[in-house]
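Order of the sequence lines fixes the chain letters, A, B, ..., with proteins taken first and strands second; residue numbering starts at 1 for each chain.
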Number of protein chains: 2
Amino acid sequence: MKLSRDRILETAVALADSHGLEAVTMRRLADELGVEAMSLYHHTPNKDAILNGIVDLLFLEIAAELRPTEGTWAQQLRARILTARRVQVRHPWAPALIATRAAPGLPMVTYVDGAIKLMHDGGLSYDLIHHAMHAFGSRIFGFVQELDDNGSGNESMAEMAALLPNLVAMLTEVQHDDPDSTLGWCDDQTEFEFALDLLLDGLARAAEAGAIRN
Amino acid sequence: MKLSRDRILETAVALADSHGLEAVTMRRLADELGVEAMSLYHHTPNKDAILNGIVDLLFLEIAAELRPTEGTWAQQLRARILTARRVQVRHPWAPALIATRAAPGLPMVTYVDGAIKLMHDGGLSYDLIHHAMHAFGSRIFGFVQELDDNGSGNESMAEMAALLPNLVAMLTEVQHDDPDSTLGWCDDQTEFEFALDLLLDGLARAAEAGAIRN
DNA sequence: ACCTGAACACCGTTCAAGT
DNA sequence: ACCTGAACACCGTTCAAGT
């Protein structure tokens, strides 16, 4: 069978599944494909591109398992996140790998865009949604800084608006509220405290409602 | 100045601070100390032990900055966590490094023990505290599986009870509630959903209370 | 006892060469 | 065009040798 980018990525996922992420080296991966390590460079620029590729594959797998659900925005978002988790449990290397990615691929950003749509349709303000994204994991929103990097100006913004309407809508509005520089307009400290207080308030309520000191 | 474990660890922290965690290689670290790479092995078994050591240093730094605070358990815990965050912001490599550690050192576990005490003194049940630890970061509680590894039986448990009374109290009680095997008695799925619902409920309340669709 | 230099078994990647 | 082998500049670590 001919070597191809797809075959490389699929083999890399299988290798990470069976032997862990640290087994995914260029030499071992080539071995698994019955080829020399240097052949891989004919279908991918470097190892980092392969790792980005398998993260894309992961989010495509998540997208394929998403089902429309009934209920409130919270119930729908809950189902969505549990689907993502189910897939990641099948690929235990995923969280650590995602954490090391510099810029997220389109499949991951599309997943986020869908989450934003659920919340916005549910009536949440973009400002609150923005805080929520940070609270669910500051990592999942780490791509914000990159948005200006991969395209120069309005053209790519227009393309992106077609592809990721909810994400772009949120970004433009939140950016408008806080007219500082486009880079670093997320206040990490504020977001950290927002998530912290969400958890603390929830715990306090659980403590009052439920069994105090059982 | 003579080479020593302490000098190695302090230099490793300084190197990670100034040039990132990836700059901390045995050769570079030795260079910084004006010594050959192999000399390091006379004061530490391997690189992993050095990395464990600088995580210990980090939590000792956190401990040194903790101040007794007034207020509810939630306010005290909030202050504690913000202190930990302040120190980690000074050492940006910390979160990623902590995530890779297999077993946490005593300084980190002591930090957790203090957090448990705050909550228990505040009237929270150990069961709720246990959920809370997972919610604040499943990683911070990852050492549970290791508890049986590093000591064989009751002796080390007695020693640990003296050093970490709150942690041991919580573990024995939660373990008693769920008399399955000592290993893996934390249901990851349950803990994940607990944290998820805490966040979703908090967001829903924020959406109802605040500006809906601004 | 502590430190050193050469060496080993790995990495990702470059480069010139093959077909 | 696609693939290969040798080579380079790195890793962590072992081992025999120095003092």
Side-chain angles (χ1 to χ4, degrees), chain A residues 1-58 92-94 96-103 105, chain B residues 1-58 92-94 96-103 105:
Chain A
M1 203 180 345
K2 267 197 63 177
L3 199 55
S4 69
R5 195 185 116 93
D6 283 351
R7 273 192 71 214
I8 292 174
L9 295 184
E10 283 160 22
T11 306
V13 168
L15 192 52
D17 285 346
S18 57
H19 292 87
L21 196 59
E22 73 281 1
V24 181
T25 69
M26 298 303 270
R27 283 168 173 86
R28 173 82 184 263
L29 185 51
D31 238 45
E32 220 79 21
L33 286 156
V35 90
E36 289 299 312
M38 311 318 145
S39 305
L40 303 177
Y41 286 86
H42 261 273
H43 301 88
T44 190
N46 50 38
K47 184 180 179 181
D48 225 51
I50 294 179
L51 296 180
N52 288 335
I54 70 177
V55 171
D56 287 349
L57 237 49
L58 183 89
W93 42 266
L97 179 60
I98 293 171
T100 66
R101 295 304 85 199
Chain B
M1 204 183 342
K2 268 197 63 178
L3 199 54
S4 69
R5 194 184 118 93
D6 284 350
R7 273 192 69 212
I8 292 174
L9 295 183
E10 282 161 22
T11 305
V13 168
L15 192 53
D17 285 345
S18 57
H19 293 86
L21 197 58
E22 74 281 1
V24 182
T25 68
M26 298 302 270
R27 284 167 171 86
R28 174 82 185 263
L29 184 51
D31 238 45
E32 219 80 19
L33 286 155
V35 91
E36 291 298 312
M38 310 319 144
S39 306
L40 303 177
Y41 287 85
H42 260 274
H43 301 89
T44 189
N46 50 39
K47 184 180 180 181
D48 225 50
I50 295 179
L51 296 179
N52 288 336
I54 70 177
V55 171
D56 287 348
L57 239 48
L58 182 89
W93 41 267
L97 179 60
I98 293 172
T100 67
R101 295 304 85 199

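Of all heavy-atom pairs between B:Gly53 and B:Arg5, the closest is CA-NH2, 4.5 Å. In plain terms, the two heavy atoms of A:Trp93 and A:Asp17 that are nearest each other are NE1-OD1, 2.7 Å. Nearest heavy-atom pair across B:Thr100 and B:Ala96 is CG2-O, 3.3 Å. The heavy-atom pair separating A:Gly105 from A:Asp56 by the smallest distance is CA-OD1, 3.5 Å. The minimum heavy-atom distance linking A:His43 with A:Ile8 is given by the pair CB-CD1, 3.8 Å.
Mapping heavy-atom proximity under 4.0 Å, the span of DNA chain C touched by chain B runs 5' to 3' from C:dC2 to C:dA7.
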Yes or no on side-chain contact (heavy atoms from CB on, under 4.5 Å) for A:Arg28 and A:Leu15, after CA distance, side-chain angles and deciding distance? CA-CA 9 Å; A:Arg28 173 82 184 263; A:Leu15 192 52; 3.7 Å; yes
Give the C-alpha distance, both sets of side-chain angles, the deciding distance and a yes or no for side-chain contact (heavy atoms from CB on, under 4.5 Å) between B:Leu29 and B:Ile50. CA-CA 11 Å; B:Leu29 184 51; B:Ile50 295 179; 4.0 Å; yes
Report the C-alpha separation of A:Val24 and A:Ile54 in whole Å, then their side-chain angles, then the decisive distance to 0.1 Å, and conclude whether the side-chain contact (heavy atoms from CB on, under 4.5 Å) test is met. CA-CA 11 Å; A:Val24 181; A:Ile54 70 177; 5.8 Å; no
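Among the atoms of the strands shown, only primed sugar atoms or phosphate atoms (P, OP1, OP2) are found under 4.0 Å from some heavy atom of B:Thr25.
Within 6.0 Å of CZ in B:Arg7 there are more than 12 heavy atoms belonging to other residues, nucleotides or ligands.
Near-neighbour residues of DNA chain C inside residues 41-51 of chain A, defined by a heavy atom below 4.0 Å, number-ordered: A:Tyr41, A:Asn46, A:Lys47.
Remark: DNA chain C forms stems of 3 or more consecutive Watson-Crick or G-U wobble pairs, all pair distances under 3.5 Å, at C:4-8 with D:12-16, C:12-16 with D:4-8.
The 5' end of DNA chain D is approached more closely, in terms of each residue's nearest nucleotide, by A:Glu36 than by the other of A:Glu36 and B:Met26.
The distance from the CG atom of B:Leu40 to the NZ atom of B:Lys47 is 11.0 Å, given to the nearest 0.5 Å.
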